[in-house]
Amino acid sequence: MSAFKELVFSGVQPTGNLHLGNYLGAIKKFVALQENNDCIYCVVDLHSLTAQLVHEDLKDQTRAITAAFLASGIDPRKHIVFNQSRVMQHAELAWIFNCVARIGWMNRMTQFKDKAGKDRENASLGLLAYPSLMAADILVYRATHVPVGEDQKQHLELTRDIAQKFNNDFSDRIRELGLGVAMNVGDETVHGFFPITEPVIGGPAARIMSLRDGSKKMSKSDPSDLSRINLTDDADTISKKIKKAKTDPDALPSELDGLAKRPEAENLVGIYAGLAETSKEAVLREFGGQQFSAFKPALADLAVEKLAPIADEMRRIMADTTHVDNVLKDGGQRAGALAEQTMRSVRDIIGLLQD
Ligand code: AMP
Ligand code: TRP
């Protein structure tokens, strides 16, 4: 039982090209969830400052992610699409969460450790506090479900920890003000102001790996463009990258067990399953026993069939900057009204003076 209204929230950073991992791990799920849920999809431009403060083309990158959302089929009239920096309540709640969360929690984040590298003292404070802003993005709408790729799991666990600590630390105030909502956490029913958000992770494509190295995830920051399929790649480029993808010399197995210790093979099967909206098992039933020389062309055809229309639509949408900007402006106004409702309660709970 949860008295929270079901609401889906997710975000994507406007940095670099969107790739197949972003599409299968996140955006395709955004599209599926919009059928039966209210959804808010956000281009998290403030988060992108943690990787690179000075951007030449932040505005165009923000528009490009928006275009990818729309080209993939997200409906900005039924749902909300906007860029994070327009709704200042995200930054306001992030500050409060900076005071709720502990430095130790942030220090344990593997993404922070990876991105900060060896010289951790010299990383920006923003990079350390990144998960606090992410928690604020979600909780400023009291969102209940968050679709993301596998790599964001730890950040979502931290979001749950922050919500729980806020609910506990302010439990008396929340009760006095009548702002508590009952929810189930595990077997327990608890009351709190913030929901304990559920991650929506999984399926065959929750973690797509590099086409050049099955032990590394497909990423915007990989120096080799052959490691990823970009959503903007044309049909020839998509086919070429799949043909060049690293594999092993064996035929595909007929059962899932046969993919153990074959990360490149498993990745290509997962990509096929994600694109075809089926399972890895079903792909192996169809292709088990076949060589990569037969499987790769089938995968390339499928990838082109599914991705090329999105790339074309993205280009068409990007040509009309005014339309894209209007979608973000309208989404920002609607999101801002919802976020302000939450923040009025948060300010009351904390005891900040407001009118
Ligand atoms: P980012 O580009 O880092 O903002 O990621 C946007 C979304 O794509 C997040 O939900 C990520 O978890 C997801 N994502 C990024 N890389 C991958 C990948 N290689 N496989 C699956 N999902 C991914
Ligand atoms: N950290 C996420 C990523 O890099 C992006 C993100 C920011 C996000 N805020 C969010 C995802 C809120 C889901 C919900 O992929």
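Note that the numbering runs from 1 along the sequence shown for the chain. Just follow the structure's listing: the first ligand is 1, and inside any ligand the first atom is 1.
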What are the atoms of ligand 2, with element, lying closer than 4.0 Å to any heavy atom of Val44?
7 (C), 9 (N)

Would you please say whether a donor-acceptor pair under 3.5 Å links the side chains of His47 and Gln84?
yes

Heavy-atom nearest neighbour in the protein, as seen from atom 1 (P) of ligand 1, with distance rounded to 0.1 Å:
Lys220 NZ, 3.8 Å

Could you tell me, atom by atom, which parts of ligand 2 come under 4.0 Å of a heavy atom of His47?
7 (C), 9 (N)

Can you sort out which atoms of ligand 1 are near Ala26, meaning under 4.0 Å from one of its heavy atoms?
7 (C), 8 (O), 10 (O)

Is any side-chain N of the basic residue among Arg347 and Glu92 closer than 4.0 Å to the acidic one's carboxylate O?
yes

Arg175 to Phe170, cation-pi by 6.0 Å centre distance and 45° axis angle:
no

Within the 4.0 Å heavy-atom shell around Arg207, which atoms of ligand 1 are there?
20 (N), 21 (C)

The atoms of ligand 2 lying under 4.0 Å from a heavy atom of Tyr130, numbered in the order shown, are 1 (N), 2 (C), 3 (C), 4 (O), 5 (C)

Could you check atom 10 (C) of ligand 2 against the protein and tell me its nearest heavy-atom contact, residue, atom and distance included?
Met134 CG, 3.4 Å

Just let me know how Ile138 lines up against ligand 2, side chain, backbone, both or neither, with a heavy-atom cut-off below 4.0 Å.
side chain

With rounding to the nearest 0.5 Å, note down the distance linking SG in Cys39 to CD1 in Ile80.
10.0 Å

Part of Ser219 with heavy atoms under 4.0 Å of ligand 1, whether side chain, backbone, both or neither:
neither

Just checking Tyr130 against His155, ring centres under 6.0 Å apart?
yes

Ile208 to ligand 1: N or O pair under 3.5 Å?
yes

Taking 4.0 angstrom as the limit, do Arg160 and Glu157 come out as a salt bridge?
no

For atom 5 (C) of ligand 2, the closest protein heavy atom turns out to be Gly11 O, 3.6 Å

Considering only heavy atoms of Gly25, which atoms of ligand 1 have at least one such atom less than 4.0 Å away?
21 (C), 22 (N)

Gln13: numbered ligand 1 atoms lying under 4.0 Å from its heavy atoms
4 (O)

Should the pair Asp222-Arg228 be classified as a salt bridge under the 4.0 Å nitrogen-to-oxygen rule?
no

How about Tyr41 and Phe9: are their ring centres within less than 6.0 Å of each other?
no

Give the numbers and elements of all ligand 2 atoms closer than 4.0 Å to a heavy atom of Phe9.
12 (C), 14 (C)

Gly21 N/O to ligand 1 N/O under 3.5 Å:
yes

Can you tell whether the side chains of Asp38 and Lys5 come within less than 4.0 Å, N to carboxylate O?
yes

For ligand 2, find out whether one of its N or O atoms is nearer than 3.5 Å to an N or O atom of His155.
no

Considering only heavy atoms, does Met218 approach ligand 1 within less than 4.0 Å through its side chain, its backbone, both, or neither?
both

Is a donor from one side chain sitting under 3.5 angstrom from an acceptor on the other, for Asp236 and Ser239?
no

Which one holds for His19 and ligand 1: side chain close, backbone close, both close, or neither close, with close meaning a heavy atom under 4.0 Å?
side chain

Straight-line distance of Thr232 OG1 to Asn17 CG, nearest 0.5 Å:
4.0 Å

Which ligand 2 atoms, with their elements, are less than 4.0 angstrom from a heavy-atom of Gln13?
4 (O)

Does either side chain, that of Asn326 or that of His323, offer a donor lying less than 3.5 Å from an acceptor on the other one?
no

Atom indices of ligand 2 within 4.0 angstrom of Val146 heavy atoms, with elements
13 (C), 14 (C)

Do ligand 1 and Val148 have nitrogen or oxygen atoms that lie under 3.5 Å from each other?
no

Hey, which atoms in ligand 1 end up nearer than 4.0 Å to a heavy atom of Ala205?
21 (C)

Suppose we measure from atom 9 (N) of ligand 2 to each protein heavy atom; which comes out shortest, and what is that distance?
Asp137 OD2, 2.7 Å

Do Gln354 and Asp348 have side-chain atoms, one donor and one acceptor, less than 3.5 Å apart?
yes

Going by distance only, is there an N or O of Asp151 that falls short of 3.5 Å from an N or O of ligand 1?
yes

With atoms numbered from 1 as shown, which atoms in ligand 1 lie under 4.0 angstrom from a non-hydrogen atom of Gln152?
12 (O)

Ligand 1 and Glu150, any nitrogen or oxygen pair closer than 3.5 angstrom?
no

Would you say Glu340 and Gln89 are linked by a side-chain donor-acceptor pair, where the criterion is simply a distance under 3.5 Å?
yes

Strictly by modelled atom types, are Asn83 and Thr62 linked by a side-chain donor-acceptor pair under 3.5 Å?
no

Suppose we measure from atom 6 (C) of ligand 1 to each protein heavy atom; which comes out shortest, and what is that distance?
Asn22 ND2, 3.5 Å

Contact (N/O only, under 3.5 Å) between Gln152 and ligand 2
yes

Should Asn36 and Glu6 be marked as a side-chain hydrogen bond (donor to acceptor under 3.5 Å, both in side chains) after you check the CA-CA gap, both sets of side-chain angles, and the distance that decides it?
CA-CA 10 Å; Asn36 295 316; Glu6 291 208 355; over 6 Å; no

Restricting to heavy atoms, the pick from Gly149, Ala206, Ser10 nearest atom 21 (C) of ligand 1 would be Ala206

Side-chain donor-acceptor pair present, Ser215, Asp213, cut-off under 3.5 Å:
yes

Residue part near ligand 2, for Val148, under 4.0 Å between non-hydrogen atoms:
side chain

Examine Ser10 against ligand 2 and note whether any of their N/O atoms are separated by less than 3.5 Å.
no

Tell me whether the centres of the aromatic rings in Phe82 and His90 are closer together than 6.0 Å.
yes

